[in-house]
Amino acid sequence: MALLVIAVLGALALGAGQVLALAPNTASAAVVRAAVSGAEISPFFLGLAAALFTAADLSSRQFALTLLQLNDRALVFVAKTAVLAVAGALTGLTVVMLLLPISVFRADGVLHVAPKVWLVLPALHILFVLLGAGIGMLMRSSVAAVFVYLAVVWALPLVVAIAGIWVPTISVSVLQFAPVTLTAAMLEPTTQGMAVLRFVGLDTALFIAGLVSIRRWGIR
C-alpha cells in the first residue's frame with residue numbers, strides 16, 4: 001500500500017508540475033505529454049509492489065494455506081496477478097482524471113488529442129505489474145525479487161549499453177526489450193504500437209516462466 005501511495009503521489013506531483021510549468025497557449029499534445037510524464041515514475045513502484053507481493057506470498061508459505069481452498073497453483077496466481085493489474089489500471093485512471101482539469105485549464109479549455117493518449121499511464125501500470133509479478137514468482141523470495149527487479153529495470157540497460165560499445169548489434173537488440181526503453185517508446189506516438197507489443201511479449205514470457213516455476217516448486 002505504501003508503494004501504491006508513492007506511485008500515485010509521484011505521478012500527480014510530476015504531471016501537475018510539468019503541466020503548470022508550460023507556457024500559455026502550449027499545444028495540446030505537449031500538455032498531455034507533460035501530464036502523463038509521471039509514467040516515468042509511478043509504473044516502477046507498482047511493478048516493485050507486485051514483485052514483493054507475489055514473492056512474499058510464496059516465501060511466507062501463505063501460498064500453501066491458499067492451496068487448501070483451491071488446489072490449482074496457476075489459477076491462484078493468475079487471479080492474484082489479475083487483482084494487481086486491475087489495481088494498477090485504476091490507479092493510472094485515477095491519476096489521469098485528477099490531472100485532466102489542470103491540463104484543460106493550461107490548454108485554454110480545449111484539448112485536441114485522441115482519448116487513447118491518456119491511456120498510456122494506465123497501460124504502463126498494468127505492464128509493470130505483470131513484469132513484477134512474473135519476477136516475484138520466479139524468485140519466490142522478497143529480497144531476491146527486489147534485486148532482480150531493480151536489475152531488470154535499471155542495471156541491465158546500463159550494463160548492456162556499456163557492452164554495446166564493443167558489440168553494438170547485441171546491445172541494440174537487448175535494449176529494445178528493456179523496460180526503460182519501452183516506457184520511453186510508449187510515450188512517443190510514432191513508436192507506441194511496437195513498444196506495447198514488445199512489452200507484452202516480455203511480460204508474457206516472464207509470467208509463463210513464473211507459473212511453470214511455481215507448478216514445479218515443492219512446498220516445504
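Side chains are part of it too, since the values below use all heavy atoms of this structure and drop only hydrogens, waters and symmetry mates.
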- Task: Kindly indicate whether the side chain of F44, heavy atoms from C-beta on, has any atom under 4.5 Å from the side chain of P179.
- Result: no

- Query: Heavy-atom distance under 4.5 Å between the side chains of V120 and Q192, does that happen here?
  - Reply: yes

- Hey, does L121 have a side-chain heavy atom less than 4.5 Å from the side chain of S42? yes

- Should W154 and Y149 count as side-chain neighbours, where that means a heavy-atom distance under 4.5 Å? no

- Could you state the interatomic distance from CG (L138) to CG (L211), rounded to the nearest 0.5 Å? 9.0 Å

- Pairwise distance CD1(I135) to CG(L150) - rounded to 0.5 angstrom: 9.0 Å

- Can the ring centroids of F77 and F207 be said to lie less than 6.0 angstrom from one another? no

- Task: Report yes if the side chains of K80 and M137 come closer than 4.5 Å at any heavy-atom pair, otherwise no.
- Result: no

- Dump the intermediate steps for side-chain contact (heavy atoms from CB on, under 4.5 Å) on L52 and L3, then the final yes or no. CA-CA 10 Å; L52 282 170; L3 290 171; 3.9 Å; yes

- Message: If you define the side chain from C-beta out and look only at heavy atoms, does anything of M186 sit under 4.5 Å from T183?
- Response: no

- Is there a side-chain contact between I41 and I6, using heavy atoms and a 4.5 Å cut-off? no

- Is there a side-chain contact (heavy atoms from CB on, under 4.5 Å) between T54 and L84 once you walk through the steps? CA-CA 10 Å; T54 308; L84 292 170; 4.2 Å; yes

- Query: Do H125 and P43 come within less than 4.5 Å of each other through their side chains, counting heavy atoms only?
  - Reply: yes

